[in-house]
Amino acid sequence: MSEDRTSGEPTRGAPGAAELPAYAERVLDVADLIPPGRVMTYGDVAEWLDEGGPRQVGRVMALYGGAAPWWRVVRSDGTLLPGHELRALGHYREEGTPLREASRATQGHLPRLDMRHARWDGVTGAAEGGGGPGADDALDGPGTDDAPDGNDAPDRPGTDDALDGNDAPEGDDAPDGDRTARG
């Protein structure tokens, strides 16, 4: 049986592995969708799922996240995961994830994630990230949307289901600096 590299827990899909809770499976599925070089906060993942919150997502990642790209699910302030900073930093540099270099006054001189540029909106570039809502748009045709609600049906008027928290039409909800305060 395979074990989670972080906690020693059985990994999903491993022969003889214990059944994961359904919520944990959904959280790990979202982590798998995040394209290389991009990140989502714990809160973003919870919002994508429309279930739980940042602490619940963090707990799932701590218990079961070793087999998933755990370094792509992050704190909203961009600090690297305590205790795993160097491993995460190696992944970020390998994938080209945008970083903000630390000032000399910063303890340990570790960079932070540049959340303005690294944060994934759950839609843009989904095809390169292995799927997700809108990844099959070439086959969908007109009248489809790319909202992270898991369907390609047009949204109700006044909603867009995107992770930016506004109800603007989807063409206007590109990630920008107004999202960095959430988490």
Side-chain angles (χ1 to χ4, degrees), residues 1-102 106-133 135 148-150 163 175 179-180 182-183:
M1 168 174 17
S2 297
E3 288 187 353
D4 177 316
R5 294 170 291 193
T6 304
S7 66
E9 293 289 322
T11 58
R12 38 182 199 150
E19 187 76 22
L20 284 178
Y23 181 72
E25 188 68 40
R26 289 191 299 276
V27 166
L28 297 175
D29 287 345
V30 173
D32 287 338
L33 293 175
I34 303 169
R38 304 299 298 272
V39 298
M40 288 180 92
T41 68
Y42 299 112
D44 290 343
V45 172
E47 188 174 339
W48 167 287
L49 294 171
D50 197 27
E51 183 179 1
R55 289 180 187 223
Q56 289 80 11
V57 171
R59 181 75 174 150
V60 167
M61 294 305 295
L63 291 176
Y64 309 108
W70 54 267
W71 60 92
R72 296 183 193 151
V73 182
V74 301
R75 297 170 60 161
S76 62
D77 65 0
T79 57
L80 305 185
L81 182 63
H84 301 278
E85 297 95 334
L86 296 179
R87 286 178 53 210
L89 189 56
H91 288 292
Y92 298 140
R93 287 187 171 145
E94 180 180 314
E95 294 181 357
T97 307
L99 298 169
R100 296 178 68 184
E101 290 304 319
T106 306
Q107 183 179 6
H109 305 290
L110 287 172
R112 287 182 179 224
L113 292 161
D114 183 344
M115 295 302 290
R116 177 174 230 167
H117 296 102
R119 197 171 199 168
W120 186 49
D121 62 6
V123 178
T124 307
E128 297 89 45
D149 54 6
L163 296 175
R179 296 185 52 215
T180 59
R182 277 196 19 247

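For the single chain, residues carry numbers from 1 onward in sequence order.
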If every non-hydrogen atom of [X] is compared with every non-hydrogen atom of [Y], which pair is closest and at what distance?
X      : Y     : answer
Pro54  : Ala46 : N-CB, 4.2 Å
Arg112 : Asp77 : NH1-O, 3.1 Å
Ala31  : Val73 : CB-CG2, 3.8 Å
Pro98  : Gly37 : CD-O, 3.5 Å
Thr41  : Ser76 : CG2-CA, 3.6 Å
Leu28  : Gly65 : CD2-CA, 3.9 Å

Rounded to the nearest 0.5 Å, how far apart are [atom1] of [X] and [atom2] of [Y]?
X     : Y     : atom1 : atom2 : answer
Met61 : Gln56 : CE    : CD    : 14.5 Å
Arg38 : Glu95 : CZ    : CD    : 12.0 Å
Asp32 : Arg72 : CG    : CZ    : 8.5 Å

Compare all side-chain heavy atoms of [X] with those of [Y] and state whether any distance is below 4.5 angstrom.
X     : Y      : result
Val27 : Tyr64  : no
Asp44 : Val30  : no
Val74 : Arg119 : no

Check the pair Tyr42 / Arg75 against side chain to side chain contact (heavy atoms under 4.5 Å, CB included), numbers first and verdict last. CA-CA 6 Å; Tyr42 299 112; Arg75 297 170 60 161; 3.9 Å; yes
Identified side-chain contact (heavy atoms from CB on, under 4.5 Å) partner of Leu113 from the options Thr97, Thr79, Leu89: Thr97
Hey, can you tell me if His91 and Trp70 have their rings parallel, tilted or perpendicular (30° and 60° cut-offs)? perpendicular
Counting only heavy atoms from other residues, nucleotides and ligands, does the tally under 6.0 Å from CZ of Arg26 exceed 12? yes
Run the numbers on Tyr92 and Leu80 for side chain to side chain contact (heavy atoms under 4.5 Å, CB included), then give the verdict. CA-CA 10 Å; Tyr92 298 140; Leu80 305 185; 3.4 Å; yes
Please answer whether the main-chain N or O of Glu51 pairs with a side-chain N or O of Tyr23 as donor and acceptor at a distance below 3.5 Å. yes
